[in-house]
Amino acid sequence: MEARARSTPLGPGGEFDRIREVLRGARSHSSQVLVPVGDDATVLAPDLVLSTDLALEGVHFRLDWIEPDEAGARAVGAAVSDLAAMGAELVGVLASVAAPAGEVWAPRAAAFMAGIRDRVEGLGGLLLGGDLTRSPSGLLVDVVAVGRAERPLLRSGAGPGDELWVTGHLGGAAAAVRLWQEGAPVPCSLRGRYAHPEPRLAQARWLVAHAGARAGLDLSDGLAGDAGHMAAASGLQVILEADTLPREPHPEVTLEEALHGGDDFELLVALSPGAESDGRAAAFRERFNLPLTRVGILRAGRGVALVAPGGGEPVALTRGGWDHFSRIQEDMF
Ligand SMILES: [Mg+2]
């Protein structure tokens with residue numbers, strides 16, 4: 001793989017405007033860097049994949065929603081999902097934790113760290129190192145995920161006419177968050193979608209090796225927002241079809257949540273046309289016992305457009321996904 005000439009363009013959104021501002025003029029390239037900043041992870045020669053992901057109490061999780069060990073495990077699952085998005089194998093993680101001092105917090109911090117350790121091991125990875133410091137309030141972990149990929153799956157490889165496919169179901173985690181915020185009971189299946197994200201490591205590598213996946217990423221910010229990243233990176237327009245979205249099979253989950261809700265950690269991949277008729281999709285479903293659903297196409301143009309339920313002409317989507325600096329985020333917490 002040749003070193004790439006420039007960073008991968010990010011999609012629209014206030015959070016990404018801030019990242020663009022910081023990166024302006026920053027030196028991010030060398031002969032060692034095969035995939036620079038802008039994708040789900042960076043790739044250093046020859047095949048080392050690195051990503052970092054922060055989980056902060058009160059922003060990414062709350063301890064009146066999930067237990068401390070689940071919060072630690074969830075942070076690892078979310079971080080490792082970025083390796084899955086690159087078609088990488090997991091080697092291990094470095095985890096830097098901050099926790100408040102005191103008797104009340106000691107057992108929570110211990111459970112949080114045990115959750116981190118157990119989830120790494122459960123995913124077949126190693127705890128490679130980390131740091132521990134005192135926090136003025138609440139738990140925090142930054143997880144650096146380390147993996148290897150001989151054939152990294154980038155956001156930028158899609159071509160016009162490619163079809164977009166999504167693994168699993170969408171909207172479950174966002175519906176759980178909404179119900180918690182409303183003070184309503186959260187069904188077990190939706191709670192699980194938020195608390196126990198499953199990085200699709202094997203699925204992504206299979207899609208690269210056996211289905212010819214040309215571009216891909218993981219759905220952490222919501223389908224619409226993340227599709228915008230693929231559109232920007234590939235220099236194309238994404239057309240999503242509302243009637244096809246694989247909404248989490250629970251009556252509480254809305255189309256809005258399937259389209260814009262974050263934290264599903266499923267994969268969005270671009271495949272050459274015909275994956276349903278030529279058996280690639282069926283082979284995936286049989287191997288992983290997991291849905292693989294065609295949700296749209298890529299064509300010449302920019303941004304993301306949606307064909308509304310019932311059909312019609314695609315309409316440009318302007319709202320982003322789970323943007324941590326947007327009003328959506330302020331409304332959420
Ligand atoms: Mg990602």
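In listed order, ligands and their atoms are each counted from 1.
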**Student:** Going by atom types only, do Ser156 and Arg214 share a side-chain donor-acceptor pair under 3.5 Å?
**Tutor:** no
**Student:** Which N/O/S atom belongs to Asp40 and is the closest one to the Mg ion (ligand 1)?
**Tutor:**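 For Asp40, the N/O/S atom sitting closest to the Mg ion (ligand 1) is OD1.
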**Student:** Can you name the N/O/S atom of Asp82 that is nearest the Mg ion (ligand 1)?
**Tutor:** OD1
**Student:** Would you name the N/O/S atom of Asp218 that lies closest to the Mg ion (ligand 1)?
**Tutor:**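 This turns out to be OD1.
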**Student:** Quick check on the Mg ion (ligand 1): does Asp226 put an N/O/S atom closer than 2.8 Å to it?
**Tutor:** no
**Student:** Output yes when a side-chain donor or acceptor of Arg294 lies under 3.5 Å from a complementary backbone atom of Gly274, and no otherwise.
**Tutor:**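 No; zero donor-acceptor contacts below 3.5 Å.
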**Student:** Between Thr167 and Glu266, is there a side-chain donor-acceptor contact under 3.5 Å, judged purely by atom types and distance?
**Tutor:** yes
**Student:** Does Asp69 come within less than 4.0 Å of Arg119, counting only side-chain N to carboxylate O?
**Tutor:** no
